[in-house]
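Notes follow once the structure below has been shown.
Quick note: numbers below take in every heavy atom, side chains included, and nothing from hydrogens, waters or symmetry partners. The sequence lines fix the lettering, A, B, ..., with proteins before strands; numbering per chain opens at 1.
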Amino acid sequence: MCGPGRRTTPPPLSFMLRFLLTRVSLIVPTFIGITLLVFVLVRLIPGDPIETMAGERGIDATLHERLRHEYGFDRPVIVQYGLYLQRLIHGDLGRSIVTHKPVIEEFASLFPATIELSVCAILFALCIGIPVGVLAAVRRNSIFDHGVMALTLTGYSMPIFWWGLLLILLFSVQLGWTPVSGHIAFIYFIEPKTGFLLIDTLLAGNTAAFWSAVGHLVLPAIVLGTVPLAVIARMTRSAMLEVLGEDYIRTARAKGLSNARVVAVHAFRNALIPIVTVIGLQVGVLFTGAILTETIFSWPGVGKWLIEGIGRRDYPVLQGGTLLIGAIIMTVNLLVDLTYGLINPRIRHTR
Amino acid sequence: MSKYRLYRTAAAAAIVSVLAAAPLSAKTLVFCSEGSPENFYPGINTTGTSFDANSQIYGRIVDFERGTTNVVPGLAEKWDISADGTVYTFHLRHGVKWQSNANFKPTRDFNADDVLFAIDRQWKPDNPYFKVTSSNHSYFNDMGMPKLLKSVEKVDDYTVRFTLNRPEAPFLSDLAMEYAAIQSKEYADAMLKAGTPEKIDQEPVGTGPFMLVQYQKDAFIRYKAFPQFWGGKAKIDDLIFAITPDASVRWAKLQRGECHVMPYPNPADLPAMRKDPNITVLEQPGLNIGYLAYNTTKKPFTDVRVRKAINMAINKKAIIDAVFLSTGVAAINPIPPTMWSYNKSIKDDPYDPAAAKKLLAEAGYPNGFETDLWAMPVQRPYNPNARRIAELMQADLTKIGVKAEIKSYEWGEYRKRAQNGEHQMAQLGWTGDNGDPDNFLNTLLGCDSAKTNGSNIAKFCYKPFEDLVQKAKTVSDKAERTRLYEQAQVIFKEQAPWFTIAHSVQLKPVRKEVIDFKLSPFGRHTFYGVDIKQ
């Protein structure tokens, strides 16, 4: 197995097609499973949404019945599920019980902020995690290696909520380097075009606003990226260690290749496969972490929206939101699977 | 290179836009609010969070004077009340301007049609707007309007007549509440025609001191002073709600000057807040009460001696110190001390386990009895930790031989069961709506609400008390009403349907540069009249 690029023949179409079809056929039942699970779980939370809205003052029985009827909660659960699926097929996720806006619209207006945060968090995790992991593997058993292992274990076990507050107290309150929370300073008035503030500010040509948005992004991205960073660094290290012990690395070294070339091209490239898998799985972790991070930093994303949905028993929001996030995670993992084809020569060079 | 030129153009544009940004002299006040509003139509809202966000925009026929529960003229300049107290004639203000937005430019001033629309929308199921956004007009129904109102008529463009089915002294206070906000009929008609009626609740237009500029859910609400506001332009130019759900983060923002006023601080942060030279902590007992209700229809609580005995057996001070910390004051009467007619001369039942035991023996329970003791599963504004309070009570009661079993249900279920009277002792509480004593004494302790599903979970229906409270409802003279309510509080204490726990204190850290921010007894945040030092 030598350098890449030699004897490359594109994978046969039938193979790729079969691969894709298997993956997609797995997605459909998973998707239905999610709808059913979410639908049932949401209804297992005690308390109905109308009672929750009423608070201390309560609600009189006739009005309660009327509202239950209006929202369709008076029908048998199985019928409600059927109707839900039927609407779902037509792309209708229903309306929030609380704000009465379409779920899809709310999701679309909040999701860019979550993506912005998640992408920055994962970039932060990759830019630091991978080099650190590689270095730790190369200098196995050095102080650096042990230090990295200890720090990543700490990072991995750090409760996000506490970590966020700690960073705010240090960098925002004590040192005054970063803003405490929010998306952008209030003196900037940016009309949302794409919903991605970093892009919107640049489109508006307002560099000062752009830097304000970047400043607001730093702490939440670090907080959200900490767990993935720890996982990626540890995974990179162990994958690299395994590869570095392979015969072909010894062969490469024996051929007199420079250490850097051996590590970067021969070892790292082969170590990438498990790393990419882990990155794909981290997307799910990111969404979980985003829920807490968004709450601490008042970040207007979908995580906070879902938490509020639980408190208010907003069934359509919970069902729709979970489904959409589930769909996104599945898509990302499908894409990750497909990238194996690009990086794994064993798949690429099918005979 | 065209790329380079493009970059230069962008940079130039950036500089220009920085220079063209709003002048720095604009006075901006940032309020770190605790959550996102449900929408901008107070008629269907029930939370303080939503009311804070939308009451800046709208006007009402009458208003609460800032910082008090007194009713003052709003969109109505003056009013007449008929001798029998059933006909209210409001004379509306002339020349009141409507705000405008991208959807709507008003062609006329505020008039009687708008008042009628505000009422009809919540009252008449055949109104095209009745079901828009939601048909659950909670407060309109809770304040008993559907039963109370006989007719609402337009006499002329600037006169509206409300006829009631019976005299109702708190009626004016009811109309000063947020749900009675006046929306533009002209805007409503235009949006109905355009097929987007819900827009009036999402992109609101009002007659109030601030107009909505931009709202981003979970991020911020941006308002601008409405220059043509009938009361004169607000002293601040921009008002921003920075939505910040976490109390520690709100405090960090306040310290940094990223916001100027914050609600609901963590009790643990208070010592630091009081020490900070840039912060003033305003405080006032809120318009609320937390209590333990005895089910007066269930043995042994049918006997007033038992109720009194329990009142004396529980150490109230210990509860306040352990659970409320500095955020609560011991409650004596069922109404808070900031409310008019509060009877200062009433003494609380002393903490005296020996006397309690004796009284219990007199009532025929020398060895105590077994009972249940309900605790809410959630934190409420008037009760930070019902479970912990229940445990303290339980320990106190053991000392007089009463074995109390703590019970809890999911919150909605809890309230429903308590209102059905399934408990023997249950904690609950109340936050006032309109600042009228009737809203506590009648709503929580009157015979009418003792029925199934009513708010009177003590099921307390006692003729001498009921007579006073009902009479006070029909008299419009405030001095006379005060006298009646003071008497009612004496009877309440004698009959002891509740163990009154505490009134939670409203604490509001405010930065020093904020001028003339007043605490609202209702716990609301009103920014008209507030100024800020540059």
Side-chain angles (χ1 to χ4, degrees), chain A residues 45-48 50-61 63 66-67 70 98-101 106 109-110 113 161 164-165 168-169 172-173 176 179-189 191-192 202 204-210 294-301 304-305 307-308 313, chain B residues 10-11 13-18 21-22 24 28 30 35-36 38-39 46-47 131 133-136 138-139 141-142 198 201-202 213-214 216-220 222 238 240 242-246 248-249 252-253 255-256 258 380 409-413 415-416 419 428-431 433 453-455:
Chain A
I45 315 176
D48 84 280
I50 296 161
E51 287 282 346
T52 310
M53 271 191 272
E56 265 79 13
R57 50 200 69 259
I59 186 162
D60 82 89
L63 183 63
R66 201 188 79 210
L67 288 170
E70 269 177 35
V98 177
T99 61
H100 306 277
K101 282 190 182 171
E106 292 207 329
S109 74
L110 295 169
F161 210 87
L165 282 178
I168 289 181
L169 283 180
S172 306
V173 178
V180 176
S181 74
H183 209 176
I184 190 167
F186 288 115
I187 50 167
Y188 304 111
F189 187 95
E191 274 299 325
L202 286 181
N206 193 336
T207 24
F210 173 75
E294 287 175 1
T295 311
I296 309 171
F297 289 97
S298 319
W299 196 263
K304 227 173 92 190
W305 176 64
I307 285 278
E308 231 168 69
R313 310 285 189 277
Chain B
I15 292 166
V16 170
S17 67
V18 168
L24 286 170
T28 303
V30 183
S36 298
E38 291 158 358
N39 46 56
T46 51
T47 61
K131 277 192 174 177
T133 306
S134 166
S135 65
N136 186 10
S138 309
Y139 268 101
N141 295 325
D142 284 344
E198 67 281 352
D201 301 336
Q202 283 157 9
V213 179
Q214 196 189 14
Q216 196 182 1
K217 191 173 156 48
D218 293 339
F220 59 82
R222 200 183 268 277
D238 293 296
I240 293 165
I243 299 167
T244 316
D246 185 74
S248 312
V249 178
K253 280 178 91 78
Q255 272 174 293
R256 273 290 304 278
E258 280 179 32
R380 303 300 298 164
Y409 300 93
E410 181 278 324
W411 173 227
E413 190 71 16
R415 211 202 61 255
K416 202 156 85 185
Q419 291 185 339
L428 204 64
W430 185 254
T431 305
D433 300 315
N453 291 326
S455 307

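- Residue Ile168(A) comes nearest to Ala252(B) through the heavy atom pair CG2-CB, 3.9 Å, listed as atom of the first residue, atom of the second, then distance.
- With rounding to the nearest 0.5 angstrom, the OG atom of Ser172(A) is 6.0 Å from the CZ atom of Arg256(B).
- With a threshold of 4.5 angstrom between heavy atoms, Thr28(B) does not approach chain A through any atom at all.
- Distance check: Glu38(B) CD to Asp201(B) CG gives 12.0 Å after rounding to the nearest 0.5 Å.
- Heavy-atom distances place the side chain of Leu165(A), and not its backbone, under 4.5 Å from chain B.
- Using a 4.5 Å cut-off between heavy atoms, Phe297(A) does not touch chain B at all.
- When heavy atoms are compared at a cutoff of 4.5 Å, Ile240(B) approaches chain A solely by way of its side chain, counted from C-beta outward.
- Residues Pro245(B) and Ser298(A) form a side-chain contact, since some pair of their non-hydrogen atoms from C-beta on lies under 4.5 Å apart.
- Between chain A and the options Gln202(B), Glu413(B), Gln216(B), heavy-atom pairs under 4.5 Å are most frequent for Gln202(B).
- Only the side chain of Glu308(A) has a heavy atom closer than 4.5 Å to any heavy atom of chain B.
- Atom NZ of Lys101(A) sits about 9.0 Å away from atom CG of Asn39(B), to the nearest 0.5 Å.
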